[in-house]
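Note: hydrogens, waters and symmetry copies are ignored here, and every other heavy atom, side chains too, is used.
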Amino acid sequence: MSEEDFDKYLDFFDRLIFCGQISDPMMHPKLPLFLQKAYEAGKTCSVHVAASHRPKEFFIKCFEANPDATWYFGIDGLPQDSHKYRVRQDGQKMFDMMVESVKYLKQKPMWQYILFNYNE
C-alpha cells in the first residue's frame, strides 16, 4: 500500500487493523510511518504480527510510532515450539519483542496462539 492510499483510509475509517493474509504487516517498510499517522489522526488501531524477521530496532520504531496501538503476537505454544506451525519463525525473538513492547505501549500486548497437541 502506498502512503497516498493509506492517507485516504485515514479520511474514512476510525479503526485500522494491520494484519496479513499474504504477508505480515511487519514486512511493510512504511509500517512505522503508517502507525504514526494513525496515532496523529487519533485512530484506533491494532497490529497482528507473527514475522520475526525484522531487527529489534524496527519493532521499537513501530512501538514508539503509536503507543496507543494494541499488538497481537502470533506465537503458537512456547517460544521454542512456535516454529512447528509458524515456519521459520524465531519464537524466542517474538516473545522477546512482546516483552519489549511493554516498555513503549500503553496497553499490554496480546499473546495470540492456535491450540495444537504440542501446546495444549
Side-chain angles (χ1 to χ4, degrees):
M1 175 180 288
S2 70
E3 186 177 345
E4 295 78 24
D5 285 344
F6 184 75
D7 289 341
K8 292 175 191 173
Y9 279 92
L10 288 177
D11 291 337
F12 293 100
F13 297 100
D14 292 328
R15 182 174 180 218
L16 304 167
I17 302 172
F18 296 93
C19 66
Q21 297 300 319
I22 298 173
S23 183
D24 194 283
M26 286 302 287
M27 301 316 294
H28 197 295
K30 293 190 177 185
L31 181 61
L33 176 64
F34 292 169
L35 288 167
Q36 180 182 359
K37 285 178 171 250
Y39 180 70
E40 290 171 352
K43 306 297 182 176
T44 300
C45 73
S46 60
V47 185
H48 298 252
V49 297
S52 58
H53 306 342
R54 290 286 191 178
K56 178 180 179 179
E57 295 76 23
F58 189 84
F59 277 89
I60 291 172
K61 190 174 182 179
C62 290
F63 301 150
E64 290 177 330
N66 190 332
D68 289 338
T70 302
W71 283 70
Y72 294 82
F73 289 83
I75 308 168
D76 297 317
L78 296 174
Q80 68 269 15
D81 292 326
S82 70
H83 69 280
K84 293 176 182 176
Y85 175 73
R86 308 259 182 192
V87 178
R88 292 185 297 278
Q89 182 188 68
D90 181 342
Q92 186 60 54
K93 180 180 179 183
M94 286 301 292
F95 184 83
D96 292 344
M97 293 304 94
M98 183 168 58
V99 170
E100 182 74 17
S101 73
V102 174
K103 297 176 186 177
Y104 305 93
L105 303 175
K106 294 178 183 175
Q107 298 181 55
K108 291 181 181 178
M110 305 294 286
W111 185 343
Q112 177 183 339
Y113 60 91
I114 300 170
L115 286 177
F116 294 106
N117 289 338
Y118 71 81
N119 67 9
E120 287 182 342

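- Using a cutoff of 4.0 Å between basic side-chain nitrogens and carboxylate oxygens, Lys8 and Asp5 are scored as salt-bridged.
- In this structure, the separation between CD on Glu57 and CD on Glu64 is 11.0 Å, given to the nearest 0.5 Å.
- Summarising the geometry, atom CZ belonging to Arg15 is positioned 5.5 Å from atom OG belonging to Ser46; distances are rounded to the nearest 0.5 Å.
- Atom NE2 of His28 sits about 9.5 Å away from atom CG of Leu33, to the nearest 0.5 Å.
- With Cys45 as reference, Phe18 is the one residue of Trp71, Phe34, Tyr39, Phe18 to meet the side chain to side chain contact (heavy atoms under 4.5 Å, CB included) rule.
- Of the candidates Lys106, Gln107, Lys43, Asp68 forms a side-chain hydrogen bond (donor to acceptor under 3.5 Å, both in side chains) with just one, namely Lys106.
- Contact detail for Leu31 and Cys62: the closest heavy-atom pair is CD2-SG, 3.9 Å.
- For Tyr104, the OH atom counts as densely surrounded, since its 6.0 Å shell holds more than 12 non-hydrogen atoms of other residues, nucleotides or ligands.
- Here NZ of Lys93 is found 10.0 Å from CZ of Arg54. Values are rounded to the nearest 0.5 Å.
- Closest of all the heavy-atom pairs between Asn66 and Leu35 is ND2-O, 3.1 Å.
- Between Leu10 and Leu16 the shortest side-chain heavy-atom distance falls below 4.5 Å.
- In terms of heavy-atom proximity, Pro29 sits nearest to Phe58 at O-CE1, 4.2 Å.
- Between Phe59 and Phe73, the angle of the ring planes stays under 30°, which puts this pair in the parallel group of the 30/60° scheme.
- The structure places CG of Asp24 at 9.0 Å from CZ of Arg86, a figure rounded to the nearest 0.5 Å.
- The backbone N or O of Ile75 lies less than 3.5 Å from no partner atom in the side chain of Ser82, so there is not a single donor-acceptor pair.
- Counting non-hydrogen atoms of other residues, nucleotides and ligands closer than 6.0 Å to CE of Met27 gives a total above 12.
- Criterion: ILVMFWY side-chain heavy atoms under 4.5 Å apart, direct or through other members. Under it, Val102 and Val47 are not part of a common hydrophobic cluster.
- Residues Met1 and Lys30 fail the side-chain proximity criterion, which asks for heavy atoms closer than 4.5 Å.
- Remark: side-chain polar atoms of Gln89 are paired, donor with acceptor, to backbone N or O of Ala50 under 3.5 angstrom.
- Ion pairing between a basic and an acidic side chain is recognised when a charged N comes within 4.0 Å of a carboxylate O; Lys84 and Asp76 show no such pairing.
- The neighbour count for Phe6 CZ, taken as heavy atoms of other residues, nucleotides or ligands under 6.0 Å away, is above 12.
- Residues Val49 and Met94 form a side-chain contact, since some pair of their non-hydrogen atoms from C-beta on lies under 4.5 Å apart.
- The aromatic rings of His48 and Tyr72 lie parallel to each other, their planes meeting at an angle below 30°, with 60° marking the opposite boundary.
- The CZ atom of Phe63 sits 7.0 Å away from atom CE of Met97, with the distance rounded to the nearest 0.5 Å.
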Inset, instruction - Before giving the answer on side-chain contact (heavy atoms from CB on, under 4.5 Å), spell out for Phe95 and Val99 the whole-Å C-alpha distance, their side-chain angles and the decisive distance to 0.1 Å. - result: CA-CA 6 Å; Phe95 184 83; Val99 170; 3.7 Å; yes
